[in-house]
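Inspection log for the structure reproduced underneath, given as structure tokens.
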Number of protein chains: 2
Amino acid sequence: MAIGVEVDVDRMEAPPDVVIRRLPLYARSLRYLLQEGIESVSSQELGDRINVTAAQIRKDLSYFGEFGKQGIGYDVRKLLQQIEDILGLSHEWPVALVGIGHLGAAIARYEGFRQQGIRIAGLFDSNPEKIGTMIDDMPILSFDDADTVIKEQGIRLAIIAVPAQRAQEVADRLVMAGVRAILSYAPTVLQVPDGVWVRYIDPVAVLHSMTYYLARDVSGARQNDPET
Amino acid sequence: MAIGVEVDVDRMEAPPDVVIRRLPLYARSLRYLLQEGIESVSSQELGDRINVTAAQIRKDLSYFGEFGKQGIGYDVRKLLQQIEDILGLSHEWPVALVGIGHLGAAIARYEGFRQQGIRIAGLFDSNPEKIGTMIDDMPILSFDDADTVIKEQGIRLAIIAVPAQRAQEVADRLVMAGVRAILSYAPTVLQVPDGVWVRYIDPVAVLHSMTYYLARDVSGARQNDPET
DNA sequence: GAAAGTATGTGAAGTGTAGCACTAACTTTA
DNA sequence: TAAAGTTAGTGCTACACTTCACATACTTTC
């Protein structure tokens, strides 16, 4: 009985999540470089721009292959393309946006999404007064219809911008409909089944983590930290 | 010649930044517990709510003192008070908000700030058509006046919600005026002098870090991660 | 009031990430 | 064409954070 079967040693180790979170920053910076007409960059130059060490960038990229040329650096256009491929940005991702209050409406109007592979595919709210009205050229639909829309369009990504008390219920329904990744602006931790990704944006929490240092007059020497 | 003078061994080690970032989550959860009328909680129960291990919570708190009772747990009201004190939330923090576009306006209107010790003390924009108009009861001021207002009110915290191309210039002027901590919604890494804290909110980057997993159908087992 | 049960605080072990420093590969200079 | 200069990729080391597991302290039960 062959217990302890040899595992394929050559299998590439899965990149840590911290690395995955940095890739979008690299991609963003590369886009800016291209806009500036810069076509080649070293890990050092790239790192200086985003306050990450050159070694870190090289290490991070090494999880996915070899992209640079020794003595030269990286071809900006090619590296950007490759990082976008890694991130799955070779096609557009339709996203359901739930909760069209002040914040939700601002998110719906934000042009930065579409340009970066994120397409707001549906706006949902539960307030009857809002349903049927438009944000730019997009109609606000009833959240009751979210299930149908998500299934029809194969939506797997959602943004939640509802009050904290409603967030869990909304998340539950989204997951049931097929959503597998949620970006939540609601200030509460969501409980979701295995297989579903959740990330949070909470400006209050971020501010509070800085008041800690301000209250103590601790200098922010930790600038080396472009964390989202 | 006394080289290597003994350093005070009892000096408490500075808590890591990751710990500081979790404290606001603990505080938030404790507030919800209070709202539910729950006055006592164990590290286990608190951890279950926010997907953090009980040991982590206890270790984190141990950087600041002893707050619980063995065999019992924590007094919710008291622990909340103490965490808020640690975070410097015993008084209100005036904040300058720069960039009153869709997003900036939504931030200005968000009620979650005031309730949590953050007071939007001034709205600034450079668009002459906006200057002088009101958001709720607050006038939009010229960004040229930011320097004066920041100095007069002793503002040390700012939120930037301007386009990426303008963010660095805005940050520079804020820092010159006395701002020491910046929350930036602009999708670019800011260069600031030592002594200034910067944190970022970038929904596009967050979404892109999730498309990576969706594109690969990797299950989000890493739920143990209520990171902002 | 002793025994069983619960839960904190913490030293130590375990895990994971970042940075160093070197080799190899490529370009530019002389 | 050789030497000098640049920079990617990477094994190893160092550090930081997380988790474990236990001693301690308090409560509840019988």
Side-chain angles (χ1 to χ4, degrees), chain A residues 9-10 12-23 25-26 30 33 38-76 78-79 82-83 86 209 221-227, chain B residues 9-10 12-23 25-26 30 33 38-76 78-79 82-83 86 209 221-227:
Chain A
V9 181
D10 283 346
M12 218 188 302
E13 239 181 303
D17 188 60
V18 275
V19 172
I20 305 305
R21 289 175 190 243
R22 276 191 294 264
L23 291 183
L25 304 185
Y26 301 161
L30 292 168
L33 284 168
I38 297 168
E39 300 270 348
S40 176
V41 73
S42 68
S43 57
Q44 184 65 53
E45 291 162 344
L46 184 58
D48 288 346
R49 288 189 163 234
I50 56 182
N51 294 343
V52 166
T53 64
Q56 175 125 84
I57 292 174
R58 295 200 302 272
K59 226 318 129 72
D60 285 356
L61 295 177
S62 76
Y63 282 101
F64 306 99
E66 308 193 352
F67 305 105
K69 274 216 179 76
Q70 284 163 327
I72 305 292
Y74 301 89
D75 180 294
V76 174
K78 230 167 75 186
L79 181 58
Q82 291 177 117
I83 292 179
I86 292 166
S209 74
R222 298 191 68 266
Q223 280 315 318
N224 206 350
D225 216 334
E227 278 169 51
Chain B
V9 181
D10 283 347
M12 218 187 303
E13 237 181 304
D17 188 61
V18 274
V19 172
I20 305 306
R21 289 176 190 241
R22 277 192 294 265
L23 291 183
L25 303 185
Y26 300 161
L30 292 167
L33 283 168
I38 298 169
E39 299 270 348
S40 176
V41 71
S42 67
S43 57
Q44 184 66 54
E45 291 161 344
L46 183 58
D48 288 347
R49 287 187 163 237
I50 55 181
N51 295 344
V52 165
T53 64
Q56 176 124 82
I57 292 173
R58 295 201 301 275
K59 197 19 94 88
D60 284 356
L61 295 177
S62 76
Y63 282 100
F64 305 98
E66 308 193 354
F67 305 106
K69 273 217 179 75
Q70 282 163 330
I72 303 295
Y74 301 89
D75 180 294
V76 175
K78 231 168 72 187
L79 181 57
Q82 292 178 115
I83 292 179
I86 292 167
S209 74
R222 298 193 66 263
Q223 281 315 317
N224 207 350
D225 216 332
E227 277 168 53

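In the text below, chain A, chain B and the rest are named by the order of the sequence lines, each starting its count at 1.
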Seminar exercise, completed: Closest to the 5' end of DNA chain C, once A/I72 and B/G71 are matched to their nearest nucleotides, is B/G71

For this session: Would you give the length of the straight line joining atom CD1 of A/I38 to atom CG of A/L33, rounded to the nearest 0.5 angstrom?
Result: 5.0 Å

For this session: Rounded off to whole Å, could you give me the CD-to-C1' distance for the B/Q56 and C/dT10 pair?
Result: 15 Å

For this session: State whether A/T53 places a side-chain N or O below 4.0 Å from either non-bridging phosphate oxygen (OP1 or OP2) of C/dG19.
Result: yes

Exercise. Are the side chains of A/S40 and A/D75 in touch, meaning some heavy atoms are under 4.5 Å apart?
Worked result: no

Problem set entry | Listed once per pair and sorted, the salt bridge (Lys or Arg N to Asp or Glu O under 4.0 Å) pairs that draw on residues 42-66 of chain B, sequence neighbours left out | B/R22-B/D60, B/E36-B/R49

Exercise. CD1 of B/I57 versus C1' of D/dC17: gap in Å, rounded?
Worked result: 16 Å

For this session: Find the distance B/Y74:OH to D/dT27:P and express it as a whole number of Å.
Result: 16 Å

Exercise. Do B/Y74 and B/S43 come close enough that some side-chain heavy atom pair is under 4.5 Å?
Worked result: yes

For this session: Look up atom CZ in B/F64 and atom CD1 in B/I83, then write down how far apart they are to the nearest 0.5 Å.
Result: 9.0 Å

Exercise. Do A/K59 and D/dG9 have a side chain to base donor-acceptor pair shorter than 3.5 Å?
Worked result: no

For this session: Establish whether the base of C/dT8 is bridged to the side chain of B/Q70 by a donor-acceptor pair shorter than 3.5 Å.
Result: yes

Exercise. Between A/Y26 and A/V52, is any pair of side-chain heavy atoms under 4.5 Å apart?
Worked result: yes

Problem set entry | Spacing between B/L23 atom CG and D/dC17 atom P, to the nearest angstrom | 13 Å

Exercise. How many Å lie between CZ on A/F67 and P on C/dA25, as a whole number?
Worked result: 19 Å

Seminar exercise, completed: Looking only at D/dA8, D/dT27, D/dT18, the nucleotide nearest the A/R58 side chain is D/dA8

Exercise. Based on Watson-Crick and G-U pairs with both distances under 3.5 Å, what dot-bracket line describes DNA chain D 5' to 3', crossing pairs as [ ] and inter-strand pairs as |?
Worked result: ||||||||||||||||||||||||||||||

Exercise. What integer distance in Å separates A/R21:CZ from C/dG16:C1'?
Worked result: 15 Å

Exercise. Is any side-chain heavy atom of A/L61 closer than 4.5 Å to a side-chain heavy atom of A/L79?
Worked result: yes

Exercise. If you check the B/R22 side chain, which of D/dT7, D/dT10, D/dT18 turns out closest?
Worked result: D/dT18

Problem set entry | OP1 or OP2 of D/dA8 under 4.0 Å from side-chain N/O of A/S43 | yes

Problem set entry | Spacing of B/Q44 atom CD relative to C/dG5 atom P, expressed in whole Å | 18 Å

Problem set entry | Separation of D/dA8 C1' from A/L79 CG (nearest whole Å) | 12 Å

